Protein chains: 2
Amino acid sequence: MSHKVNLDKLDYQIIQEMMENAEISYADLGKKLFVSGGTIHVRIKKLEEVGIVKGTKLSVDLKALGYDVIAFIGIYLEKSSLYDTVAKDLRKIPEIVRLNYTTGNYSMFAEVVCKDIQQLRFVLHDELQKIKGIERTETFISLDESFSRNVIASGE
Amino acid sequence: MSHKVNLDKLDYQIIQEMMENAEISYADLGKKLFVSGGTIHVRIKKLEEVGIVKGTKLSVDLKALGYDVIAFIGIYLEKSSLYDTVAKDLRKIPEIVRLNYTTGNYSMFAEVVCKDIQQLRFVLHDELQKIKGIERTETFISLDESFSRNVIASGE
DNA sequence: ATTGAAAGAGTCTCAGT
DNA sequence: ACTGAGACTCTTTCAAT
């Protein structure tokens, strides 16, 4: 459980700004938010210490990298108690980049990223069929990503 | 369309490493990959120029930020031609962080991030019901995220 | 293309407020 | 808690290979 930390407007502004672009310098971000670069530095250090900021990641264009196919897979389990073992098996498939245990129709929800439809076919027909405990799956291939963005960082 | 660029093993290794941690210095990454820091710099500049690398983003712990609820929404449209107008309306709901146009059961697939169940209820019952063109929706609340990770950067 | 070194820019620390 | 300046580290450029 994450014990509540009190963040002020400046903290949220820093997070908001750097979720989109982490390359901005402390001095420049400070100018933008009307504080010194030193203050930005102190705040970010605090946000790292309390675990809100986990680091920075390279933002990569998947299409440009050759990954043209994104799909979502709804997974029905034979028994919901099989969740952990099936999750462990799904983790071994590198094309599956995300797995959630969900309420509703499906027991689990997976996101797959593949280079092409042939690779997706392989994941669905070969890799997934091997896994014991999956009753059936439903696949939703993304034809277009309308948008993808960050949450709004604010205290309400 | 992204015209193919020839990447070698070193390019893929740099991407792989920095997708996970973009804070490592060029000198340190160079040591790890047995080249100079200057070479890392040249490669990253190339990857930026060809549009594979889009920048760096702050990695934030959503739970620690107060966002405890992730849900997926399958959306049935009255007519699939309504895609664009509905997408435009969904974009106005800040809690919806991602929207895909998909094959299969649903016409669209949305991901929502909320502070609590009350906020999710508000998005589902108030915000979503206002939008013209949505026939019905199915919601899958994530009870647990088993894993979330990057694709493998490699040329096969 | 890669390297190593110099120049420039950014981060980090700290004493003062 | 914020600031500004100094110390330190990293990025960026470039001449040589």
Side-chain angles (χ1 to χ4, degrees), chain A residues 2-66 150 152-156, chain B residues 2-61 64-66 150 152-156:
Chain A
S2 58
H3 39 102
K4 275 266 173 287
V5 188
N6 265 355
L7 304 186
D8 67 8
K9 197 182 166 196
L10 179 60
D11 295 316
Y12 288 120
Q13 286 175 311
I14 293 169
I15 294 168
Q16 192 72 60
E17 200 68 41
M18 294 188 68
M19 274 196 305
E20 199 47 49
N21 171 26
E23 270 157 348
I24 190 169
S25 76
Y26 293 174
D28 287 348
L29 185 51
K31 244 173 252 169
K32 205 165 174 174
L33 303 178
F34 307 106
V35 291
S36 72
T39 297
I40 301 290
H41 179 246
V42 169
R43 296 304 187 99
I44 290 176
K45 241 179 78 179
K46 181 189 77 180
L47 291 168
E48 282 170 350
E49 272 162 14
V50 301
I52 289 175
V53 166
K54 294 187 293 181
T56 68
K57 290 185 190 306
L58 204 66
S59 170
V60 166
D61 184 320
L62 287 181
K63 278 222 168 76
L65 238 195
N150 297 311
I152 307 285
S154 83
E156 235 76 10
Chain B
S2 58
H3 39 100
K4 274 268 174 284
V5 187
N6 265 356
L7 304 187
D8 67 8
K9 195 182 167 196
L10 178 61
D11 294 316
Y12 287 120
Q13 284 174 312
I14 292 168
I15 294 167
Q16 191 73 60
E17 200 67 42
M18 294 189 68
M19 275 196 302
E20 198 48 49
N21 170 25
E23 271 157 349
I24 191 169
S25 76
Y26 293 174
D28 286 349
L29 184 51
K31 244 172 251 167
K32 205 163 174 176
L33 303 178
F34 307 106
V35 291
S36 72
T39 296
I40 301 290
H41 178 247
V42 169
R43 296 305 188 97
I44 289 176
K45 242 180 78 180
K46 180 190 76 178
L47 291 168
E48 281 169 351
E49 274 161 12
V50 301
I52 289 175
V53 167
K54 293 187 292 182
T56 68
K57 289 186 191 305
L58 204 66
S59 170
V60 167
D61 184 319
L65 239 196
N150 298 309
I152 307 285
S154 83
E156 236 76 8

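All heavy atoms count here, side chains included; hydrogens, waters and symmetry mates do not. Numbered from 1 within each chain, the chains take letters A, B, ... in sequence-line order. Quick caveat: nothing in here was measured; it's all calculated off a predicted structure.
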Would you say [X] and [Y] make side-chain contact, with heavy atoms under 4.5 Å?
X	Y	value
T39(A)	R43(A)	yes
V5(B)	K46(B)	no
Q13(B)	E17(B)	no
Y12(B)	L65(A)	yes
D61(B)	I52(A)	no

Walk along DNA chain C from 5' to 3' and tell me the first and last nucleotide with an atom closer than 4.0 Å to a non-hydrogen atom of chain B.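 First and last nucleotides in contact are dA1(C) to dT3(C).
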Roughly how far, to the nearest 0.5 Å, is the [atom2] atom of [Y] from the [atom1] atom of [X]?
X	Y	atom1	atom2	result
T56(A)	N21(A)	OG1	CG	10.5 Å
L7(A)	S154(A)	CG	OG	10.5 Å
I14(A)	I40(A)	CD1	CD1	4.0 Å
L58(A)	K54(B)	CG	NZ	10.5 Å

Determine, stepwise, if the pair M18(A) / I44(A) fulfils side chain to side chain contact (heavy atoms under 4.5 Å, CB included). CA-CA 10 Å; M18(A) 294 188 68; I44(A) 290 176; 3.5 Å; yes
Residues in contact with DNA chain D, drawn from residues 7-39 of chain A - heavy-atom cutoff 4.0 Å: V35(A), S36(A), T39(A)
Nucleotides bounding contact with chain B, strand DNA chain D, heavy-atom threshold 4.0 Å: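 Taking any atom under 4.0 Å from a heavy atom of chain B, the span is dC10(D) to dT13(D).
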